[in-house]
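Numbering of ligands and ligand atoms starts at 1, following listing order. Index from 1, following the sequence. Just so it is clear, the values below take in all heavy atoms, side chains as well, and ignore hydrogens, waters and symmetry mates.
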Amino acid sequence: MPASEFSLIEQCFVSKARYQHKHTMITNGDDASVHNLPSNHELVVSTDTAVQGVHWPHDFPLEKAADRAVCAALSDLAAMGAEACWAWVSVVAESTEALQSMGQGVTDALNRYEVELSGGDTVHAPLNSLNITVAGILEKGTAMQRNKANIGDKVWFLGQAGLSALGLQQWLNGQKGGEFISHFSDVIPKIQQGRALRVLGVRCCIDVSDGIFQDANHIGKDSNILMELDVEKFPNWQSLSQELGAKKAMQVMLSGGEDYGLLFTAPAHTKGLNELATWVGVCLQGSGVKAQYKGEDVQLVKSGYDHFAV
Ligand code: ADP
Ligand code: MG
């Protein structure tokens, strides 16, 4: 194998990564990394793939695309309530320049959240894509899950909804800057907030990557409850409905993906949630999700993103 592959890995990734986690025994550079866990903790692992032309437009900056791919992966750890510790990054790059840009984006994001780059793989092929595996830790038995909602729980939302989808649409329409576009390009994983919710006793949470309706439905189905959401209670409803009109705002807010907010449920007596999130609904008897606007059920044109939908 040509030496340049290894010097590029060093130059684009390894030398730019700043953090080594205290529970790492053997770090990046060997055939695998080795980690131990603090006592009374569990390992939390998630993986995500992002492909140019699918997860980001061909003319979107690669550095930003790589940064948001890492942040999207970290968002899954946030949804479980974990502390983010490690990442393994497999990159397919069409050129040295593309590899450099993706290396910059990956390491910027990992450094920002103080996550160690524990390993990876680098492949030269005629496309650009990243596979990001992330791992974290949390106290035994405290992970927030999708199947832990109960009838009578309140439903809460932390973050924004629909703005990233609007930003992507604007980008595809030729606009290259502005507030909505920054919601698409600057993904913020709610890691601190996820941990705070878990500490407050929240046990049911999902991060919203495919649209609120679709992700709420995962909780509804997995927990065997009917999640009833009130459109007007969402934090960005006022501004969005003023800007787009109620009908379009509803569709965008409920089906637009990739804002990476946290949707969670908790018993009504749970303290401290008001300061972190907004109460948006209740868990009823039934299964799945329904959204209401002024007492009427909302009919969605499209429920969320599905890679295999025709
Ligand atoms: P192997 O052949 O043993 O699978 P590689 O030759 O693919 O390993 O990689 C050599 C070393 O470089 C490994 O320690 C691997 O973790 C690291 N590495 C490769 N690509 C990346 C990357 N994109 N980011 C971080 N580390 C990487
Ligand atoms: Mg090896």
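Across all their heavy atoms, Asn217 and Gly288 have their closest contact at OD1-CA, 3.2 Å.
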Can you give each donor-acceptor pair under 3.5 Å made by side-chain atoms of residues 200-209, sequence neighbours left out, with the distance rounded to 0.1 Å?
unit_1: Arg203; atom_1: NH1; unit_2: Arg198; atom_2: O; d: 3.2
unit_1: Asp207; atom_1: OD2; unit_2: Ser75; atom_2: OG; d: 2.6

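Within the structure, the closest approach of Trp88 to ligand 1 does not fall below 4.0 Å when heavy atoms are considered.
Not one N or O of Ser118 is nearer than 3.5 Å to an N or O of ligand 1, by distance alone. Residue Gly120 places at least one N or O, backbone or side chain, under 3.5 Å from an N or O of ligand 1.
Atoms of ligand 1 lying under 4.0 Å from at least one heavy atom of Gly29, given by number and element, are 14 (O). Interface of Asp31 with ligand 1, defined as ligand atoms under 4.0 Å from a residue heavy atom, comprises 3 (O).
Of all the listed residues (Asp30, Ile26, Asn28), Asn28 holds the heavy atom that lies closest to atom 25 (C) of ligand 1. Looking at Thr122, Val123, Leu8, Thr27, it is Thr122 that brings a heavy atom closest to atom 20 (N) of ligand 1.
Considering only heavy atoms from C-beta on, Cys71 stays 4.5 Å or farther from Tyr260 through its side chain.
With sequence neighbours left out, the salt bridge (charged side-chain N to carboxylate O under 4.0 Å, His left out) criterion links Lys64 to Asp186.
The closest donor-acceptor contact from the side chain of Lys176 to the backbone of Trp171 lies under 3.5 Å. Side-chain atoms of His218 never come within 3.5 Å of backbone atoms of Ala216 as a donor-acceptor pair (strictly under, hydrogens ignored).
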